[in-house]
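Shown next, in structure tokens, is the structure this report addresses.
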Amino acid sequence: MSQQVQEKYEESNLYKIRHSAAHVMAQAVMEMFPDGKITIGPPVGDGFYYDFDLPRNLTPEDLEAIEKRMRQIVQGKHEFKKTVISAEEAKKIFANQPYKLELIEGLEKGGLDEYGNPLKEKPEISIYQQDTFVDLCRGPHVANTKEIKQDAFKLMSIAGAYWRGDENNKMLQRVYGTAWENKKQLEEYLHQLEEAKKRDHRKLGRELEIFTFDEEVGPGLPLWLPNGAVMIEELEKLAKEMEEKAGYVRVRTPIVSKEELFLHSGHLPYYAESMYPAMEIEGVKYYVKPMNCPMHHKIFGSKQRSYRDLPLRLAEYGTCYRYEKSGELFGLMRVRSMQMNDAHIYVREDQFEQEFLRVVDLYLKYFELFGIEKYVMRLSLHSKAGLGKKYVDNERLWLKTEDMVRHAMNNGNVPYVEAEDEAAFYGPKIDVQIWSVIGREFSLATNQVDFAQPARFDLKYINKDGQEEAPLCIHRAPLSTHERMIGFLLEHFGGNFPVWLSPEQVRVISITDNQNEYAENIAQQLRENGIRAHADVSAQRMNAKIRSAQLMKVPYMLVVGENEMKAEQVSLRVRDGSQQNNIPLGEFVARAKDRIARRAKEL
RNA sequence: GCCACCGUGGCUCAGCUGGUAGAGCAGACGAUUCGUAAUCGUCAGGUCACGAGUUCGAAUCUCGUCGGUGGCUCCA
């Protein structure tokens with residue numbers, strides 16, 4: 001479904017403007033560095049970039065100069081002229097441009113596109129020229145440079161990027177820019193970026209006292225503050241409720257185990273670079289677990305299983321530790337200690353499809369609950385080249401299980417896209433890609449098939465005929481990790497959580513000291529009703545108390561003054577600003593309890 | 001891990017081309033007792049991330065380390 005949107009964008013005028021702006025930028029950069037090497041410069045989601053190999057690193061001042069020169073160039077109304085040429089001619093033109101020569105060879109020989117991916121047919125080779133700048137390019141472009149409005153683009157940042165996206169290649173300098181049809185659109189976009197910053201989970205996490213990082217504790221190792229701990233517990237409670245209904249049982253396993261376990265599981269052969277290095281005790285190596293699965297497989301294998309026992313659904317919200325490269329860490333979204341919302345389901349082959357769909361169904365229930373509407377299910381497959389390296393070397397089972405997943409998804413009428421070379425080492429998986437409201441994309445829920453580990457651990461059950469048979473295993477984490485989930489939810493709700501998720505659900509605000517005791521009393525009654533409440537009896541004025549409760553995004557404020565105390569009532573101010581004066585406490589308790597029990601979106 | 005940039009009290013930020021730190025908010029204390037988003041005052045709080053170097057003198061310059069940010073690679 002996103003395919004359609006992309007095709008549209010590629011045909012749009014905006015796409016041409018951005019692509020053309022990239023060429024203009026390349027012209028400006030090449031004027032500055034005549035010996036520089038150009039590579040590729042495509043449009044992207046909200047702008048464009050161009051990758052260069054330059055004699056020195058660009059500085060922010062350079063960006064200004066480049067931008068200034070670009071404005072001059074676009075005003076020149078230079079035509080974008082396309083010429084179709086032969087590979088030989090192209091090689092002559094770009095004789096001093098090694099990256100372009102590589103691209104031309106790719107086009108000529110195997111039909112590789114600029115990212116090195118194979119093309120279906122051998123494409124024609126064309127160049128585009130504007131003013132003094134010639135680029136190998138298939139287009140399309142705007143008619144002339146003046147169609148790029150001089151006040152509707154902006155260079156955004158300099159970044160490093162590997163040639164052809166391969167970390168073994170040279171790192172190039174990438175300049176990102178944004179370009180729009182007019183000044184107003186550009187300003188709107190820049191405004192959106194500002195707004196997005198306000199919803200950044202790292203900022204909200206600090207302001208709402210959800211989590212913190214400490215240099216001395218270590219990068220990627222979040223400390224959960226009391227408010228954050230409440231949220232995690234709410235997520236666990238939710239998961240436990242759902243899973244109990246769905247027939248899961250819960251287990252607990254240790255954080256470290258002997259090397260042998262991870263050799264056995266295949267983690268060390270295939271996953272070692274994402275694991276913390278071993279520690280040695282009494283001459284034996286121990287590893288901190290990056291996943292719970294090997295332990296769960298041991299639990300499966302701890303007694304003889306009958307076909308009647310399946311599906312066996314073992315759940316554990318265990319904390320795992322992965323060594324993520326330092327540059328990959330990102331707030332709560334990418335951490336080194338993470339609590340998986342994990343379970344492993346052991347099924348017979350004939351149960352696979354139904355069980356797999358039940359897991360997908362569970363995701364959808366969660367998405368509905370959180371109001372997540374924009375997502376894409378992505379079926380991640382192995383690649384032939386990765387067999388024996390990234391992936392367990394058993395092509396037959398890969399193809400078979402991939403087909404089983406496809407079949408299940410098709411039968412369940414669940415739309416999905418396929419992604420080659422993205423699977424887990426032990427089998428294909430469905431990842432759910434979602435976008436937080438501020439446009440950040442990542443995968444949340446995951447549902448993975450594992451044919452490899454059960455075999456490695458020699459897991460068996462006794463079938464109807466009394467024969468031993470190997471189960472399939474489904475790894476699933478519909479709430480992802482609690483870290484990433486809460487990071488996502490912070491941005492998704494902008495900190496305005498539904499009542500059930502709010503760390504503090506009610507703040508009781510006394511107007512003067514005379515009502516302090518009454519306020520404390522009410523907070524206590526609320527707590528006895530299972531509502532997270534506390535009284536603000538500080539020496540502040542009511543307005544200041546309301547302001548601080550609003551800033552902490554507390555869903556309900558109960559204001560109590562002389563009148564309320566006399567009448568034994570409360571005045572309710574809701575986070576959205578609405579209010580309901582002089583209601584009996586019981587009425588409010590009923591409302592709050594109802595919202596919490598239903599996990600309602602509305603306040 | 002790679003490229004670039006950044007790092008001043010809990011938070012947000014001032015501190016020009018080097019002369020040894022300042023504000024607001026938050027906090028503590030005191031005063032105020034007030035009807036739906038900030039009452040007033042006083043006080044306390046910083047080895048300017050850390051370590052070297054240059055210099056008569058460094059928060060300001062150089063190098064290194066650590067941490068963060070934007071990307072690349074990778075990913076729940």
Side-chain angles (χ1 to χ4, degrees), chain A residues 44 49 51 57-60 62-63 156-176 197 200 202-203 206-207 209 212-220 273-274 290-291 320 322-336 338-342 380 390 422 424 429 431-433 442-448 475-485 487-488 509-516 538-552 557-564 571-575 577-581:
Chain A
V44 288
Y49 68 80
D51 285 349
N57 286 329
L58 291 170
T59 64
D62 292 330
L63 274 202
M156 304 298 282
S157 62
I158 310 162
Y162 300 108
W163 168 236
R164 289 198 147 159
D166 184 338
E167 65 179 321
N168 300 311
N169 286 344
K170 180 162 188 187
M171 179 155 279
L172 307 167
Q173 293 193 72
R174 174 172 298 182
V175 180
Y176 277 99
K197 274 189 198 160
D200 189 308
R202 292 165 297 187
K203 182 173 155 67
R206 187 165 50 235
E207 289 170 354
E209 296 178 20
T212 187
F213 285 94
D214 186 283
E215 243 186 75
E216 206 166 356
V217 175
E273 64 174 37
S274 297
M291 295 180 190
C320 297
R322 295 184 188 171
Y323 170 67
E324 305 284 348
K325 294 186 206 163
S326 58
E328 296 166 344
L329 300 172
F330 178 75
L332 282 184
M333 303 302 199
R334 198 70 187 278
V335 291
R336 286 179 175 165
M338 68 208 84
Q339 196 187 348
M340 315 287 294
N341 180 250
D342 212 2
S380 298
K390 279 167 80 173
E422 302 265 313
K429 59 177 180 174
D431 280 329
V432 184
Q433 273 177 287
F442 41 87
S443 31
L444 208 62
T446 184
N447 191 6
Q448 319 181 337
H475 303 234
R476 42 110 278 178
L479 292 178
S480 182
T481 62
H482 294 335
E483 285 73 14
R484 185 172 283 186
M485 193 66 198
F488 170 78
I509 294 171
S510 56
I511 295 183
T512 75
D513 287 355
N514 294 329
Q515 295 89 44
N516 282 355
S538 63
Q540 295 296 315
R541 293 172 64 203
M542 179 200 66
N543 276 325
K545 292 184 184 182
I546 287 176
R547 182 179 143 84
S548 75
Q550 286 284 162
L551 289 175
M552 290 304 279
M557 283 151 265
L558 293 183
V559 179
V560 293
E562 198 60 32
N563 300 334
E564 286 81 0
S571 284
L572 169 66
R573 178 191 163 102
V574 184
R575 186 172 59 203
S578 66
Q579 62 185 91
Q580 215 179 331
N581 290 338

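The sequence lines fix the lettering, A, B, ..., with proteins before strands; numbering per chain opens at 1. Because only heavy atoms are used, hydrogens play no part in the values below, and waters and symmetry mates are left out as well, while side chains stay in.
The nucleotide whose nearest atom lies closest to any side-chain atom of A:E167 is, among B:U73, B:G70, B:U36, B:U73. With B:C72, B:G35, B:A76 as the candidates, the nucleotide lying closest to the side chain of A:V559 is B:G35. With B:U33, B:C72, B:G70 as the choices, the nucleotide that has an atom nearest any side-chain atom of A:T512 turns out to be B:U33. Taking every side-chain heavy atom of A:K429 into account, B:A76 is the closest of B:A76, B:U33, B:C2. With B:A76, B:C72, B:U36 as the choices, the nucleotide that has an atom nearest any side-chain atom of A:R174 turns out to be B:C72. For A:V335, the side-chain atoms get nearest to B:A76 when compared with the rest of B:C34, B:A76, B:C72. For A:S571, counting side-chain heavy atoms from C-beta on, the closest listed nucleotide (B:A76, B:G70, B:U36) is B:U36.
Figure legend. B:C40 is base-paired to B:G30; pairs are counted as Watson-Crick or G-U wobble with both atom distances under 3.5 Å. Using the Watson-Crick or G-U wobble rule with both distances under 3.5 Å, B:G7 pairs with B:C66. The base-pairing partner of B:G22, taking Watson-Crick or G-U wobble contacts with both distances under 3.5 Å, is B:C13. Using N1 to N3 plus N6-O4 or O6-N4 for Watson-Crick, or N1-O2 and O6-N3 for G-U wobble, each under 3.5 Å, B:C72 pairs with B:G1. Nucleotide B:G45 has no partner under the Watson-Crick or G-U criteria, as no pair reaches both atom distances under 3.5 Å.
In this structure, A:M171 atom CE and B:A4 atom P are separated by 9 Å, rounded to whole Å. The CD1-C1' distance, from A:I546 to B:U36, rounds to 4 Å in whole Å. The interatomic distance linking A:D214 (CG) with B:C11 (P) rounds to 11 Å, in whole Å. A straight line from CZ of A:R573 to C1' of B:U36 spans 5 Å, rounded to a whole angstrom.
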- request: Assess whether side chain to side chain contact (heavy atoms under 4.5 Å, CB included) is satisfied between A:K429 and A:H475, documenting all intermediate values.
  value: CA-CA 9 Å; A:K429 59 177 180 174; A:H475 303 234; over 6 Å; no
- request: Would you sort out whether A:T446 and A:Q448 count as a side chain to side chain donor-acceptor pair (under 3.5 Å), showing the intermediate values?
  value: CA-CA 6 Å; A:T446 184; A:Q448 319 181 337; 2.9 Å; yes
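Atom name C1', nucleotides B:U54 and B:C61: the rounded distance is 8 Å, in whole Å. One C1' atom belongs to B:U60, the other to B:A21, and the distance between them is 12 Å to the nearest Å.
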For nucleotides 61-68 of chain B, give me every protein contact, N/O to N/O, under 3.5 Å, one pair per line with atom names.
none

Check: protein-nucleotides 38-40 of chain B nitrogen or oxygen pairs below 3.5 Å:
unit_1, atom_1, unit_2, atom_2, d
B:A38, N9, A:R547, NE, 3.2
B:A38, N7, A:R547, NE, 3.1
B:A38, N7, A:R547, NH1, 2.9
B:A38, N7, A:R547, NH2, 3.4
B:A38, N6, A:R547, NH2, 2.5
B:A38, N1, A:R547, NH2, 2.9
B:U39, OP2, A:R541, NH1, 3.1
B:U39, O4', A:R541, NH1, 3.3

Identify all pairs in which a protein N or O lies below 3.5 Å from an N or O of nucleotides 12-16 of chain B, and state each distance.
unit_1, atom_1, unit_2, atom_2, d
B:U12, OP1, A:R206, NH2, 3.0

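Closest non-hydrogen pair, A:Y162 versus A:N169, comes out as CD2-O, 3.6 Å.
Residues A:M557 and A:K545 form no side-chain contact, since every pair of their non-hydrogen atoms from C-beta on lies 4.5 Å or further apart. Taking 4.5 Å as the limit, some side-chain heavy atom of A:R336 sits within range of a side-chain heavy atom of A:S326. When side chains are defined from C-beta on, A:T481 does not count as touching A:Q339, because their heavy atoms never get closer than 4.5 Å. Between A:M156 and A:Y49 the shortest side-chain heavy-atom distance does not fall below 4.5 Å. A:E324 places none of its side-chain heavy atoms less than 4.5 Å from the side chain of A:V335. For the pair A:R484/A:R334, a side-chain contact is recorded, criterion being any heavy-atom separation below 4.5 Å from C-beta on. In this structure, the side chains of A:L572 and A:L558 come closer than 4.5 Å at one or more pairs of heavy atoms. Considering only heavy atoms from C-beta on, A:R322 comes within 4.5 Å of A:M338 through its side chain.
When heavy atoms are screened at a 4.0 angstrom cut-off, A:N563 is found touching base atoms of the nucleic acid. Residue contacts shown for A:N581 include a base, since a base heavy atom lies under 4.0 Å away.
Each of A:T59 and A:Y162 was matched to the nucleotide of RNA chain B holding its nearest heavy atom; the match closer to the 5' end belongs to A:Y162. The 5' end of RNA chain B is approached more closely, in terms of each residue's nearest nucleotide, by A:Q173 than by the other of A:Q173 and A:R322.
Remark: the backbone N or O of A:N341 is paired with a side-chain donor or acceptor of A:R476 at under 3.5 angstrom.
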